[in-house]
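Inspection log for the structure reproduced underneath, given as structure tokens.
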Amino acid sequence: MIVHKHPNGIFINNITDFDLEQTLDCGQCFRFSKTKDGGWYGFAGNRVLTLRSLNAGVLFENISLDDFEGFWRQYFDFDRDYAAIRSSFPDHPALRESTNFNRGMRILRQDSWETLISFIISQNNNIPRIKGIIERLCRAFGEQIANGFGFPSSTALSVLTKQDLEVLRCGWRTEYILDAAQKVSSGQVDLAEIAAMPLDHARKALQTIKGVGPKVAECVLLYGMGRMEAFPLDVWIKRAMKELFPGFTPQSFGQYAGIAQQYIFHYCRCNPESCRK
DNA sequence: GCCCAGGGAATCG
DNA sequence: CGATTCCATGGG
């Protein structure tokens with residue numbers, strides 16, 4: 001990857017394995033959307049970003065080199081070699097098909113708190129509606145940033161009541177959100193500490209929060225704590241494991257199982273017939 | 001109208 | 001332990 005200053009921000013090229021749609025619309029994050037002119041616009045924590053594909057590269061609009069090097073480089077996981085990771089995967093036709101389908105997908109290294117709340121909201125829910133609930137959460141309780149709103153802090157949410165959260169229309173998940181906010185803001189659950197724990201300890205620690213079970217914990221570890229071996233088993237992946245990878249376990253995919261999982265997840269959602277709906 | 005969604009808690013046996 | 005049931009809401 002080569003990073004250039006550009007009149008409108010930062011331009012990167014000579015990058016392999018990076019496609020905006022495959023990365024920002026593959027179900028790992030909920031705060032980016034396509035703009036009318038074909039770019040992407042969204043938020044990460046209290047940062048806002050507009051980006052677009054341009055001349056075989058990507059333009060990050062209106063940011064400084066410090067913004068890019070100090071935040072977005074890590075956020076987009078640009079220092080990881082995805083081709084090398086793909087070649088570490090077991091040789092399997094369905095896995096090859098999945099990785100060929102969306103080679104430009106990268107795992108975003110999101111904020112752990114934002115990821116925790118986002119995937120609590122995701123449970124037994126569909127992606128368009130998850131996005132709507134998170135948008136209302138930010139609008140009601142987040143800080144205004146540019147034309148939108150940042151993600152509210154655990155402290156901001158910890159002082160709220162169930163009634164306050166009725167504007168979200170997210171059903172029974174409200175008490176899960178409040179429990180998470182209270183435990184994180186009080187320090188009873190320390191997300192930075194959990195991120196550094198051995199995997200099974202980290203799983204158990206996350207599951208002390210109400211509404212966090214095995215699947216949500218796995219998502220927080222993978223998308224919010226950079227633990228690439230974490231392997232969320234949602235309904236799609238369970239279907240794929242049964243139909244396409246009989247005999248496989250998450251460990252069969254190796255040290256970067258979570259990344260394999262994401263290739264498979266997005267492939268199955270875009271090609272439901274091949275995962276036998 | 002109906003089925004289902006990036007599940008988890010509570011409650012059985 | 002595993003299996004079942006209920007949970008609130010609305011997208012497609």
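Reminder, nothing fancy here: chain letters follow the sequence lines and each chain counts from 1.
Between A:L116 atom CG and B:dG8 atom C1' the separation is 14 Å, expressed in whole Å. Rounded to whole Å, the distance from NZ on A:K238 to P on B:dG7 is 8 Å. Nucleotide B:dG6 holds its P atom 17 Å from the CD1 atom of A:I264, rounded to whole Å.
Applying the side-chain contact (heavy atoms from CB on, under 4.5 Å) rule to A:S64 yields the partners A:D66, A:D67; only residues at least two apart in sequence or on another chain are considered. Scored by the side-chain contact (heavy atoms from CB on, under 4.5 Å) test, A:D111 finds A:W113, A:E114 as partners (sequence neighbours excluded). Among residues two or more places apart in sequence or in another chain, the side-chain hydrogen bond (donor to acceptor under 3.5 Å, both in side chains) test is passed with A:S88 by none. Legend: residues meeting ring-ring contact (aromatic ring centres under 6.0 Å, His included) with A:Y267, ordered by chain and number and at least two apart, are A:F101.
Contact check of residues 125-141 of chain A against DNA chain B (heavy atom, cut-off under 4.0 Å) returns A:N125, A:N126, A:I127. Contacts between residues 203-233 of chain A and DNA chain C, defined by a heavy-atom separation below 4.0 Å, involve no residue at all. Using a 4.0 Å cutoff on non-hydrogen atoms, the parts of residues 162-189 of chain A near DNA chain C are A:R169, A:G171, A:W172, A:R173, ordered by number. Within residues 248-257 of chain A, no residue approaches DNA chain B, by heavy-atom distance under 4.0 Å.
A:F149 forms part of no hydrophobic cluster, judged by ILVMFWY side-chain heavy-atom separations under 4.5 Å. Applying the 4.5 Å side-chain rule to ILVMFWY residues, one finds A:F11, A:L54 in the same cluster as A:L59. Grouping Ile, Leu, Val, Met, Phe, Trp and Tyr residues whose side-chain heavy atoms lie under 4.5 Å apart, directly or via other members, places A:M1 in a hydrophobic cluster with A:V3, A:I10, A:I12, A:I15, A:F18, A:L20, A:L24, A:F32, A:W40, A:L49, A:L51, A:V58, A:F60, A:I63, A:L65, A:F68, A:F71, A:W72, A:Y75, A:F76, A:F78, A:L108.
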N/O donor to acceptor pairs below 3.5 angstrom from side-chain atoms of residues 247-258 of chain A, sequence neighbours left out:
{"residue": "A:T249", "atom": "OG1", "partner": "A:Q251", "partner atom": "N", "Å": "3.3"}
{"residue": "A:T249", "atom": "OG1", "partner": "A:Q251", "partner atom": "OE1", "Å": "3.1"}
{"residue": "A:T249", "atom": "OG1", "partner": "A:S252", "partner atom": "N", "Å": "3.4"}
{"residue": "A:T249", "atom": "OG1", "partner": "A:S252", "partner atom": "OG", "Å": "3.3"}
{"residue": "A:S252", "atom": "OG", "partner": "A:T249", "partner atom": "N", "Å": "2.8"}
{"residue": "A:S252", "atom": "OG", "partner": "A:T249", "partner atom": "O", "Å": "3.0"}

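Of the candidates A:D17, A:D77, A:T99, A:Y82 forms a side chain to side chain donor-acceptor pair (under 3.5 Å) with just one, namely A:D77.
Straight-line distance between the P atoms of B:dG6 and C:dT5: roughly 23 Å, to the nearest whole Å. Only the P atoms considered, B:dT11 is 15 Å distant from C:dA8, to the nearest whole Å.
The main-chain N or O of A:T23 is found under 3.5 Å from a side-chain atom of A:Q28 such that the two form a donor-acceptor pair.
Scanning atom types as modelled, one donor and one acceptor separated by under 3.5 angstrom connect the side chain of A:N124 and the base of C:dA8.
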Check the pair A:F119, A:F30 against ring-ring contact (aromatic ring centres under 6.0 Å, His included), reporting the backbone distance first and the verdict last.
CA-CA 10 Å; A:F119 281 90; A:F30 304 103; 5.2 Å; yes
Would A:R103 and A:D19 count as a salt bridge (charged side-chain N to carboxylate O under 4.0 Å, His left out) if you check the C-alpha gap in whole Å, the side-chain angles of each, and the deciding distance to 0.1 Å?
CA-CA 8 Å; A:R103 282 172 173 269; A:D19 178 86; over 6 Å; no
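The pair A:R52-A:E61 meets the salt-bridge criterion, since a charged nitrogen lies less than 4.0 angstrom from a carboxylate oxygen.
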